[in-house]
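Here the structure is laid out as structure tokens; the discussion comes afterwards.
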Amino acid sequence: MTAPKFTPRIFSGIQPSGGLTLGNYLGALKRFVEKQDEGIETIYCLVDLHAITVWQDPVRLREQTREAAAAFMAAGIDPARSILFNQSQVSAHAELGWIFNCVARMGWMSRMTQWKDKAGRNAEAASLGLFAYPSLMAADILVYHATMVPVGEDQKQHLELCRDIAIKFNHDYGVDFFPVIEPVIEGPATRVMSLRDGTRKMSKSDPSDQSRINLTDDADTIAQKIRKARTDPEPLPDSLEGLAGRPEARNLVNIYAALAGSTPEAVVAEFAGRGFGTFKPALADLAVSRLAPISREMKRLMADPAGIDRILGDGAARAEAIARPILERTLDIVGMIRSR
Ligand code: AQP
């Protein structure tokens, strides 16, 4: 149903719920830049409404949003070629989110692993927003009639739910209005794991700073975190099969491949038989060479917060121009009187 009715358009977002990590960079941001450079229309959003599904200090939230915007630009997002803005400046997201709350089913939401992980055993105390997160996410995407959504592996289930919402809406109202989107989950680092535990995702909200590399970390901190990253005593094997059951080793190989623009196969071929005493310093040098220019540029951009706010405002106006007519047509389909 996607083509040819819907022109290719990419949408994705990142929560400004903390500083961005190497996981966000390799799984999302770096790929956003590649998509922009492929010449497809790209819309990128700092999803501040999603961030407040768990408590955020207002002062920090503003800082984190500007910092995330700086990270996007420092990584290569050009606000003249991509639309870059923060979600709450385009109210059509929240409005369509409400409609989708009335399309999505409770059962669908309760099966979401992110909900189960984040709400944990204390779901009674979790916010209603956290539960409804995936229907707002579907609105973020579908309010632009976006067709492709680059994300890390952890967002796959939410994108399947977005497809379900589009299909149910189209079916319930007898229309072919929302595209059935394609998740774009590609590359060697779709799921970067914690440096302390190779079975857990690297996450900006992990209480341990040692578990992640932040895009704002300086060269010494990056090198020290990689040196201390948990591994096993075995040398690297000569094929990927030899990494089975070695999640930490596999993670570092994937990170190396993604940073080098290579493949995990090529990395194990290069380092076969070498121990982590050799591999970790090579990885640290590579990580510093790729990330230091980004963190330098972020610092430069963050020295002008008003400049960042202007870029976000301009992006929001351009986003609104696409979203508002789609929202209006949705409301009309649903049966809301439009008489202003
Ligand atoms: N570890 C990861 N590996 C690969 N991709 C990742 N992404 C996040 N972590 C990794 C991708 O980054 C994009 C933005 O994610 P998000 O900020 O919206 O939320 P998240 O997936 O819940 O990321 P975090 O860092 O774990 O945030 P918190 O800690 O606030 O929940 C998505 O495309 C995601 O796949």
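Scope of the values below: all heavy atoms of this structure, side chains included, with no hydrogens, waters or symmetry mates. Every number for a ligand or one of its atoms is a count from 1 in the order of the listing.
Remark: ligand 1 atoms within the under-4.0 Å shell around heavy atoms of K118 are 22 (O), 28 (P), 31 (O). Of all atoms in ligand 1, numbered sequentially from 1 with element shown, those under 4.0 Å from a heavy atom of R191 are 3 (N), 4 (C). Residue-ligand proximity, G13 to ligand 1, at heavy-atom distances under 4.0 Å covers atoms 14 (C). Counting atoms of ligand 1 from 1 in the listed order, those under 4.0 Å from a heavy atom of G27 are 4 (C), 5 (N). Near S17, meaning under 4.0 Å from one of its heavy atoms, ligand 1 places the atoms 30 (O).
Side-chain rings of H93 and Y144 approach one another, their centers coming within less than 6.0 Å.
Both the backbone and the side chain of S205 come within contact range of ligand 1, each with a heavy atom under 4.0 Å. Heavy atoms of M193 found under 4.0 angstrom from ligand 1: none, in either backbone or side chain. The proximity of T21 to ligand 1, defined as any non-hydrogen pair under 4.0 Å, does not occur for either the backbone or the side chain. By the criterion of a heavy-atom distance under 4.0 Å, the side chain of A28, and not its backbone, is placed next to ligand 1.
In terms of protein heavy atoms, atom 3 (N) of ligand 1 is closest to V192 N, 2.8 Å. Nearest to atom 19 (O) of ligand 1 among the protein's heavy atoms is Q15 NE2, 3.2 Å. Among all protein heavy atoms, the one lying closest to atom 6 (C) of ligand 1 is G23 O, 3.4 Å. Scanning the protein for heavy atoms near atom 21 (O) of ligand 1, the closest one is D154 OD2, 2.5 Å.
Side-chain contact, E67 with T216: no donor N or O sits under 3.5 Å from an acceptor N or O. Between the side chains of E241 and S239, at least one donor N or O lies within less than 3.5 Å of an accepting N or O. There is no side-chain donor-acceptor pair under 3.5 Å between S211 and S194. For the residue pair N251 / N254, no side-chain donor-acceptor distance below 3.5 Å is found, with atom types taken as modelled. In the model, D197 has a side-chain atom that pairs as donor or acceptor with a side-chain atom of T199 under 3.5 Å. For R324 and S91, the side-chain atoms include at least one donor-acceptor pair closer than 3.5 Å. Side chains of Q87 and D140: a donor-acceptor N/O pair is present below 3.5 angstrom, by distance only. Y133 and Q15 share a donor-acceptor pair across their side chains, judged by distance under 3.5 Å alone.
The nearest non-hydrogen atom to atom 32 (C) of ligand 1, considering only M137, Q155, H158, Q56, comes from Q155. Taking each of D206, I14, N24 in turn, the one with a heavy atom nearest to atom 8 (C) of ligand 1 proves to be N24. Residue nearest to atom 22 (O) of ligand 1, selected from R31, R200, K204, K201: K201 (by heavy-atom distance).
Salt-bridge annotation for R300 and E297: present, with a side-chain N of the basic residue lying under 4.0 Å from a carboxylate O of the acidic one.
The shortest N/O to N/O separation between G152 and ligand 1 falls below 3.5 Å. In terms of polar-atom proximity, A189 is not counted as a contact of ligand 1, lacking any N or O under 3.5 Å from an N or O of the ligand.
L243 and P237 get closest at one heavy-atom pair: CD2-CD, 3.7 Å.
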